[in-house]
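Whatever order the structure lists ligands and atoms in, that order sets their numbers, starting from 1.
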Amino acid sequence: MDKFRITGGRALSGRVSISGAKNSALPCMAAALLSAETVTLHNLPYVRDIITQRRLLEDLGATVLTPELRTHKISASHIELFEAPYELVRTMRASVLVLGPLLSRFGKAKVSLPGGCAIGTRPIDLHLVAFEKLGAEVKLEGGNVIARAPNGGRLVGGEIQFDKVTVTGTENVMMAATLARGVTVLQNAACEPEITDLAELLNKMGARVRGAGTSRIEIEGVEELGSAQHTIIPDRIETGTFIAAAAITQGDLEIKDCQPLHLAAVIDKFRQVGVSIEEINPSTLRVSCPKKLTAKDVTTQPHPQFPTDMQAQYMALMTQAEGKAVIEETVFENRFMHASELQRMGARISIDGRHASVTGPTPLTGAPLIASDLRASASLVLAGLVAKGETIIDRVYHIDRGYEKIEAKLRNVGADIERIRESVTASLPHVPQPGMAAEV
Ligand code: UD1
């Protein structure tokens, strides 16, 4: 398994470019299953989850051409298999996103039920209840979800009230409803920018989706969907992570190819803490840290509030801020795995249920660490950048799932970070590693 070696203490300076959003690319790739015609996606990030999703589509029978590294031309004209197997779902939960499109276009789908993961129990019950509301028959058998449209035909539009805001749940059901007979209304839908991006792609394919980006989405079913070209939005979490990297190292970074509007709550919080964030143009931020950081509390919540996917990175930053910050995690029940690793570097953090209190500033010292999930890994990298001495982070396959070449991007702006390759086979895509947790 690959590791990162980081020697901390260097202020980052220079320019970094943000990649496409993994969490938008994954549902958009699944959406290609809704059409017999080609869907071309640009600006896909070059990360492991995208390779996994591509493999899943190909296993189902789709053809995926890559004329350029970040462009996929997906043709799902011939689908032979209607199943996302356990081996894939356990390594990437987002593979459940094929359920809605397969069920809607072909009237049947089988997806292994994802189990719990590093950050919580993560059920998909809300997806399944919603499919039932659209007329599907849903059975659980041998650890799999088996769903069928009524009489093997089409789903039927309906009114769905999500009990809890769910991002992939909203995406899955929104995709399913595009080919259902009649109108579907989703209430308490997720409002994340990735939902809006997916809706835009679906509408380009000929769907009729209105209200994406609000908590009420209306979808008028159509007979079939066609071809489309779409460019994936910039990754707002990668953007936030680089803002945190500039801030924690007291550096000065220009972050380009991003969409600041998608992370307004994050930018607002960082500014309260004392980070200077200037919008040079609509897709470029300049981040510097002219003064001492001041601890501020934060609560994670669904968009447009502060995202849970930035909580771990914010915790790393708070170890360097003056005072005490209380971080409340309301989205996932067990998402403080990084705290104990940060404590090993000297951070003063106490956990009480869904609350973590961080008292700073604390000089961190390098240590051997283990990454537990995607965003936790990012927080450990941030801590390593500011720690005295050498930090070795093990299991960086987690970070490879969602950050494109993070070590190269950081090195380009002055960080002392390198990848230690343990073995060639361990770093190949698709090889599930022992103890590899299915997650985000
Ligand atoms: C997505 C993101 C992930 C992010 C999360 C919350 C992708 C691929 N992943 O994950 O990066 O951290 O949103 O912003 O886009 N829940 C249920 N039943 C369900 C579905 C969800 O109880 O059927 C619960 C979950 O356990 C969790 C909460 O709802 O506590 C939110 O989960 P959800 O928004 O569904 O997260 P994901 O879509 O899996």
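Looking at residues two or more places apart in sequence or on another chain, you find no ring pair (Phe, Tyr, Trp, His ring centres under 6.0 Å) involving Phe162.
Put simply, no part of Pro307 is less than 4.0 Å from ligand 1, judged by heavy atoms. For the pair Arg93 and ligand 1, no heavy-atom separation below 4.0 Å is found. At a 4.0 Å cut-off, at least one heavy atom of Arg335 sits close enough to ligand 1 to count as contact. Remark: distances from the non-hydrogen atoms of Val165 to ligand 1 include one below 4.0 Å.
Between Asp309 and ligand 1, an N or O atom pair is found at a separation short of 3.5 Å. Checking only distances, Glu333 never comes within under 3.5 Å of ligand 1, N or O to N or O. Considering backbone and side-chain atoms together, Ala94 places no N or O closer than 3.5 Å to any N or O of ligand 1. In terms of N/O distances under 3.5 Å, ligand 1 is approached by Val331. Between Glu192 and ligand 1, no N or O atom pair is found at a separation short of 3.5 Å. The shortest N or O to N or O distance between Asn23 and ligand 1 is below 3.5 Å. Between Gly169 and ligand 1, not a single N/O pair is under 3.5 Å apart. Checking only distances, Thr308 never comes within under 3.5 Å of ligand 1, N or O to N or O.
Counted by atom type alone, Thr308 and Arg335 present one or more donor-acceptor pairs between their side chains at under 3.5 Å. A donor-acceptor contact closer than 3.5 angstrom links the side chains of Thr241 and Tyr403. There is no side-chain donor-acceptor pair under 3.5 Å between Thr40 and Gln229. Side-chain contact, Ser377 with His398: no donor N or O sits under 3.5 Å from an acceptor N or O.
The side chain to side chain donor-acceptor pair (under 3.5 Å) analysis of residues 194-203, with sequence neighbours excluded, yields the pairs Ser24-Asp197, Glu194-Arg236, Asp197-His230.
The His127 neighbourhood of ligand 1 comprises atoms 23 (O), with distances under 4.0 Å to a heavy atom of that residue.
Under the side chain to side chain donor-acceptor pair (under 3.5 Å) test applied with Glu329, the options His355, Arg354, Gln311 reduce to a single match, Gln311.
For atom 21 (C) of ligand 1, the candidate residues are Pro123, Ala130, Ala190; the nearest heavy-atom contact is made by Pro123.
Remark: Lys204 NZ is packed, more than 12 non-hydrogen atoms of other residues, nucleotides or ligands lying under 6.0 Å away.
A cation-pi arrangement, defined by a distance under 6.0 Å to the six-membered ring centre and an angle within 45 degrees of its axis, is present between Lys108 and Phe82.
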